[in-house]
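Bear in mind the structure is a predicted one, so any value in this text is a computation, not a measurement. Hydrogens, waters and symmetry mates play no part in the numbers below; they use all other heavy atoms, side chains included. Position 1 is the first residue of the sequence; numbering continues from there.
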Amino acid sequence: MKTHKTYEADDRMIALIRDNYNVLQTLGSFGISLGFGDKTVEEVCHEHQVDTRTFLAVVNYTLNGDRDEEQEALSVSTLLRYLKASHEYFLNYQLPTIREGLKNALGDHHVDQLILQLYDSYARAITQHMRYEEKMVFPYVEALLEGQYTGKYSVDTYSRHHRQESERLRELKSIILRYLPADSLHNHRLTAILYDIYNNEDWLRLHAEVEERFFMPAIRHLEQQSERNDVVERISQLITPSTADNESLSDREKEVIVAMVQGMTNKQIADHLNISPHTVMTHRRNIAAKLQIHSPAGLTIYAIVNNLVDISSLG
């Protein structure tokens, strides 16, 4: 039974499952186990450390195609957990189980073996795609969540690799339906495995849609946030006063910086401070080595943010 209802946090989890038994697999992908009594969706999610809003977004989309949530409101870590568990279920259980059932339902005829080869080809393509996600995409997202944004990869690269390998599956179903005569026993087995294949196709379609409609937009939002944070951090490094650098400068070196910022030549600085031009050059080399600043503009910024000069005094 399937109820077209938008579920909310205060709905009882058991009522959601009773109305929609096909959500059971979704529970497992979120790491939610059975035995939740009469607790609400929010209570169950809290117990299993699952973001309630994200759980409901996926469930309501699964049931009704609803997609009202703002992407920035979703938990990327919860979506990542869901997709990882889905991969584990699909690759380690669903694909091998269907293959075993298909093998038992088929005979030794040459056509039967070709059908098994067709399924294996489909399984390899799906496995390759999911392993790519596990190797490239998931670690990238984990790094984003930890604030380690490099800009060398993006969700758009992921998007270009994201294709659902369903053509072979449609071909496999068509062959079984049209061309496989069988006795009563084999017919029952083929019918049962065909039912599993149809469910597999629905599951894979939903998996891909969750990635495309929720996961990828959420990653884009995270990338944009990381890019902004990266820019802010770089600017901050440029303009934030460095107490350690400031304290490492001698009073004379600070005086040289002020004079340089005011536009004095080496000779004018020497006359102003009653030192030799050679000593001025030595101070300038030491300043550049300590601050790693070599341009007049850079020194001006340093002098302003470290309160060595008043910006209003500069022409």
Side-chain angles (χ1 to χ4, degrees), residues 1-94 97 130 133-134 137-138 141-147 155 164 195-196 198-226:
M1 178 178 178
K2 182 175 181 181
T3 301
H4 292 283
K5 170 187 173 181
T6 298
Y7 290 88
E8 299 180 358
D10 58 355
D11 284 318
R12 296 190 183 280
M13 183 69 84
I14 195 168
L16 190 158
I17 302 303
R18 282 173 178 168
D19 293 344
N20 310 276
Y21 61 83
N22 54 330
V23 174
L24 279 170
Q25 188 174 313
T26 303
L27 289 184
S29 293
F30 277 108
I32 296 176
S33 57
L34 304 179
F36 34 70
D38 289 323
K39 294 174 184 174
T40 65
V41 170
E42 186 169 28
E43 289 171 337
V44 174
C45 286
H46 179 73
E47 282 188 1
H48 291 83
Q49 298 180 326
V50 173
D51 181 70
T52 306
R53 203 165 187 173
T54 306
F55 172 80
L56 285 171
V58 173
V59 167
N60 284 320
Y61 179 80
T62 299
L63 299 176
N64 309 313
D66 294 341
R67 186 193 168 207
D68 297 328
E69 291 290 345
E70 295 292 333
Q71 299 312 314
E72 54 267 27
L74 300 181
S75 167
V76 176
S77 59
T78 296
L79 287 170
L80 187 60
R81 177 181 179 180
Y82 168 81
L83 293 174
K84 281 184 174 181
S86 296
H87 279 205
E88 182 178 356
Y89 169 81
F90 189 76
L91 296 179
N92 297 333
Y93 175 76
Q94 195 171 46
T97 299
M130 289 189 172
E133 291 180 354
E134 293 170 358
V137 182
F138 294 169
V141 175
E142 288 169 344
L144 277 177
L145 289 170
E146 294 174 2
V155 69
Q164 185 175 346
Y195 183 80
D196 289 340
Y198 271 102
N199 282 337
N200 170 273
E201 187 175 29
D202 288 341
W203 182 92
L204 193 61
R205 174 190 54 77
L206 177 62
H207 178 80
E209 289 178 0
V210 168
E211 288 182 325
E212 291 168 357
R213 296 174 183 270
F214 294 104
F215 191 53
M216 288 163 58
I219 298 173
R220 285 195 183 95
H221 175 73
L222 195 60
E223 284 177 341
Q224 291 167 0
Q225 188 177 47
S226 297

Side chain to side chain contact (heavy atoms under 4.5 Å, CB included) assessment of Tyr7 paired with Leu56: CA-CA 7 Å; Tyr7 290 88; Leu56 285 171; 4.2 Å; yes
Derivation and outcome, side chain to side chain contact (heavy atoms under 4.5 Å, CB included), residues Val44 and Val50: CA-CA 8 Å; Val44 174; Val50 173; over 6 Å; no
Stepwise side chain to side chain contact (heavy atoms under 4.5 Å, CB included) test for Ile17 and Leu27: CA-CA 9 Å; Ile17 302 303; Leu27 289 184; 3.5 Å; yes
Val23 vs Val59, side chain to side chain contact (heavy atoms under 4.5 Å, CB included): CA-CA, chis, key distance, verdict: CA-CA 7 Å; Val23 174; Val59 167; 4.2 Å; yes
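Looking at Tyr82 and Thr26, their side chains come closer than 4.5 Å, going by heavy atoms from C-beta outward. Annotation: side chain of Ile219 is in contact with side chain of Val141 (closest heavy-atom distance under 4.5 Å).
Taking the six-membered ring where tryptophan is involved, the planes of His207 and Trp203 are essentially parallel, since the angle between them stays under 30° and well short of 60°.
For Phe36, there are no ring-ring contact (aromatic ring centres under 6.0 Å, His included) partners two or more places apart in sequence or in a different chain. For Phe55, the ring-ring contact (aromatic ring centres under 6.0 Å, His included) test picks out Phe30, with sequence neighbours left out. Applying the side-chain contact (heavy atoms from CB on, under 4.5 Å) criterion to Tyr198, with sequence neighbours excluded, gives Lys173, Leu177, Leu194, Glu201. Residues forming a salt bridge (Lys or Arg N to Asp or Glu O under 4.0 Å) with Glu134 (at least two apart in sequence, or on another chain): Arg131. Thr97 is linked by a side-chain hydrogen bond (donor to acceptor under 3.5 Å, both in side chains) to nothing, counting only residues two or more places apart in sequence or in another chain. Considering only residues two or more places apart in sequence or on other chains, His48 meets the side-chain hydrogen bond (donor to acceptor under 3.5 Å, both in side chains) condition with Ser33. Looking at residues two or more places apart in sequence or on another chain, you find no salt bridge (Lys or Arg N to Asp or Glu O under 4.0 Å) involving Asp196. With sequence neighbours left out, Glu142 forms a side-chain hydrogen bond (donor to acceptor under 3.5 Å, both in side chains) with Lys84. The side-chain hydrogen bond (donor to acceptor under 3.5 Å, both in side chains) test applied to Asn200 returns Gln94, Tyr122, not counting sequence neighbours.
Here OG of Ser75 is found 9.5 Å from CZ of Arg81. Values are rounded to the nearest 0.5 Å. Distance CG/Leu34 to CE/Met13: 10.0 Å, rounded to 0.5 Å. If you take CD on Gln49 and OG1 on Thr78, they are separated by 10.0 Å, rounding to the nearest 0.5 Å. In this structure, the separation between CZ on Phe214 and CD on Glu209 is 9.5 Å, given to the nearest 0.5 Å. Between the CG atom of Leu204 and the CG atom of Asn199 there is a distance of 12.5 Å, given to the nearest 0.5 Å.
Among pairs with a residue in residues 27-47, those fulfilling salt bridge (charged side-chain N to carboxylate O under 4.0 Å, His left out) read Lys39-Glu47, at least two apart in sequence or across chains.
For the pair Asp51 (side chain) and Thr54 (backbone), a donor-acceptor distance under 3.5 Å is present.
For the residue pair Ile14 and Gly37, the shortest heavy atom distance occurs at CB-O, 3.9 Å. Between Leu83 and Glu211, the closest heavy-atom pair is CD2-CG, 3.7 Å. Heavy atoms only, all atoms of each residue included: Ala218 and Leu79 are closest at CB-CD1, 4.2 Å. Residues Ala57 and Leu74 share a closest heavy-atom pair of CB-CD2, 3.9 Å. For the residue pair Ala85 and Ser29, the shortest heavy atom distance occurs at CB-O, 3.1 Å. Closest of all the heavy-atom pairs between Ala9 and Thr52 is CB-CG2, 3.9 Å.
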